[in-house]
Amino acid sequence: MFVSFLFYLSSALTLAGALGVLFTRNIMYACISLLCSLIGVAGLYVTLGADLVAVTQTMVYVGGVVILMLFAVMLTGGKDFKSRMQVMFNYPDAMGNKWTYGVGIAAALVFLAYSAQLIWKIIQSATKPEVETFKSTVEDIGISLISEHVLAFEISSVLLLGALMGAAIIARPKKIITDGEDS
Amino acid sequence: MIGLAPYLIISLALFCIGLAVMIARKNIVAILLGIELILNAAALNFVAYSKYTAQNLEGHVFSLFIIVVAAAEAAVGLAIVIRFFQNKESIHIDEASVLKN
């Protein structure tokens, strides 16, 4: 069954990528692992029949956000290769030490044990759905976005404009002060 | 047929790994990577419930808005990271201690 195969492949890719983000020492490899994880989540969307969400995930996350992260990693280095390596790796515990890893994994396990009970109840009461039909959701989502969710749609446009202007203003280069004559 | 539960388990695992990344990492960009994982887990849950219990498209719409907000958050967060690096010459989270004490 193709859908089951795609589900197992995507879930393995998702979890492997997420574990790579957690355990790799190199920030560049962590970004690439996040890329794998996001592609896996897009595959899971495909198995759920959410075609528009899968395509949007691929375009926005894989094409946009990860590239932005890689740009940030590359821009936050030093002037040359050696000082960049200094910033990234040779700082003491640059990516976390044993203490922070212990606390983080313990917190994750506590949350896991807490919510595993909830999920166990859902598994007990879950009923298998009937036969699966895949059909395109693009038209329905489009109509829904501009009819009943039009307020959220417009607010998100304002949010994106504000975030774009805010990012451009925050990250602008420092003003170079020369002599004080041409302030 | 796959059913709802495997998606919930994967989403829970993704959330827990994202939480561990946020707590364990000392690098600001890596903390942003953990936030992205957590937002993805939430969006995956929305789409899974939308297919298996609600059987409408509200979850898809909500998931699209989650992606939009995550993109805006990543842009602003990375701008702050670059600004922080210009001031401190480091992206270590322990350097961000101006408000301490």
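Keep in mind that the numbers below use all heavy atoms, side chains included, and drop hydrogens, waters and symmetry copies.
Note on A/Tyr8: it clusters hydrophobically with A/Ile39, by side-chain heavy-atom contacts below 4.5 Å among ILVMFWY residues. Under the 4.5 Å side-chain contact rule for hydrophobic residues, B/Leu78 and A/Met74 share a cluster. When hydrophobic clusters are built by joining Ile, Leu, Val, Met, Phe, Trp and Tyr residues whose side-chain heavy atoms come closer than 4.5 Å, directly or via intermediates, B/Leu4 is not grouped with A/Leu6. Residue A/Val62 is grouped with residue A/Leu70 when hydrophobic side chains (ILVMFWY) are merged at heavy-atom distances under 4.5 angstrom, including chains of intermediate members. Under a hydrophobic-cluster definition in which Ile, Leu, Val, Met, Phe, Trp and Tyr are linked whenever side-chain heavy atoms come within less than 4.5 Å, directly or via other members, B/Met22 and A/Val103 are assigned to the same cluster.
Interface residue B/Val47: backbone and side-chain heavy atoms are both found under 4.5 Å from chain A. For chain B, the nearby parts of A/Leu44 are the backbone and the side chain; heavy atoms of each come within less than 4.5 Å. Looking at A/Leu34, the atoms closer than 4.5 Å to chain B (heavy atoms on both sides) all sit in the side chain, from C-beta outward. Looking at A/Ile119, the atoms closer than 4.5 Å to chain B (heavy atoms on both sides) all sit in the side chain, from C-beta outward. With a 4.5 angstrom heavy-atom cutoff, A/Thr24 touches chain B via backbone and side-chain atoms both. Within the 4.5 angstrom heavy-atom criterion, only side-chain atoms of A/Leu38, from C-beta onward, approach chain B. Heavy-atom distances place both the backbone and the side chain of B/Ala43 under 4.5 Å from chain A. Neither the backbone nor the side chain of B/Phe84 has a heavy atom closer than 4.5 Å to any heavy atom of chain A. At a 4.5 Å heavy-atom cutoff, the contact between A/Val53 and chain B is made by backbone and side-chain atoms alike. Heavy atoms of A/Tyr61 lying under 4.5 Å from chain B belong exclusively to its side chain. Heavy atoms closer than 4.5 Å to chain A are found in the side chain of B/Leu64, but not in its backbone.
Minimum interatomic distance between A/Leu15 and B/Ala13 (heavy atoms only, all atoms of both residues): CD2-CB, 3.8 Å. Between A/Ala18 and B/Ile17, the shortest heavy-atom distance links the atoms O-CG2, 3.4 Å. Here the shortest heavy-atom pairing between B/Leu19 and A/Ala107 reads CD2-O, 4.1 Å. A/Ala167 approaches B/Ala75 most closely through the heavy-atom pair CB-O, 3.9 Å. Taking each heavy atom of B/Gln86 and A/Arg172 in turn, the nearest pair found is OE1-O, 4.1 Å.
The CD1 atom of A/Ile141 sits 5.0 Å away from the CG atom of B/Leu57 when rounded to the nearest 0.5 Å. One finds the CG atom of A/Leu22 at 11.5 Å from the CG atom of B/Leu33 (value rounded to the nearest 0.5 Å). Taking CD from A/Glu148 and CD from B/Glu58, the interatomic distance works out to 5.0 Å, rounded to the nearest 0.5 Å. Atom OH in A/Tyr114 sits 12.5 Å away from atom CG in B/Leu12 (nearest 0.5 Å). Interatomic distance, CG of A/Leu75 versus CD1 of B/Ile91, reported as 10.5 Å (0.5 Å rounding). Between atom OG of residue B/Ser50 and atom CG of residue A/Leu48 there is a gap of 8.5 Å, rounded to the nearest 0.5 Å.
Ranking B/Ile28, B/Val21, B/Thr53 against chain A, the residue ahead of the rest is B/Val21, based on heavy-atom pairs under 4.5 Å. Of the residues considered (A/Gly17, A/Ser33, A/Ala171, A/Ala108), A/Ala108 shows the highest number of contacts with chain B, using heavy-atom pairs under 4.5 Å. Each of A/Ala30, A/Ala152, A/Ser144 has some count of heavy-atom pairs under 4.5 Å with chain B, and the biggest count is that of A/Ala152. With chain A as the partner, the residue from B/Leu32, B/Val69, B/Ile10, B/Asn40 showing the most heavy-atom pairs under 4.5 Å is B/Asn40. Put simply, of A/Gly104, A/Ala106, A/Ser37, A/Gly166, the one with the most heavy-atom pairs under 4.5 Å next to chain B is A/Gly104. Between chain B and the options A/Leu68, A/Leu52, A/Leu19, A/Leu164, the largest number of non-hydrogen pairs under 4.5 Å is found for A/Leu68. Across A/Val66, A/Leu112, A/Leu109, the residue that shares the most heavy-atom pairs under 4.5 angstrom with chain B is A/Leu112. Options B/Ile67, B/Ile93, B/Val68, B/Val76 differ in how many heavy-atom pairs under 4.5 Å they form with chain A, and the most are formed by B/Ile67.
Looking only at side-chain heavy atoms (C-beta outward), B/His60 and A/Thr137 come within less than 4.5 Å of each other. Within the 4.5 Å cutoff, the side chain of A/Ile170 has no heavy atoms near those of the B/Ile82 side chain.
Using modelled atom types, one finds no donor on one side chain facing an acceptor on the other under 3.5 Å when comparing B/Tyr7 with A/Ser11.
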### Task
For the pair A/Tyr45 and B/Leu44, evaluate side chain to side chain contact (heavy atoms under 4.5 Å, CB included) and give the outcome as yes or no after the intermediate values.
CA-CA 7 Å; A/Tyr45 287 150; B/Leu44 181 61; 3.8 Å; yes
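Looking only at distances, no side-chain donor or acceptor of B/Arg25 sits under 3.5 Å from a matching main-chain atom of A/Thr100.
Side-chain rings of A/Phe153 and B/Phe65 stay apart, their centers remaining 6.0 Å or farther from each other.
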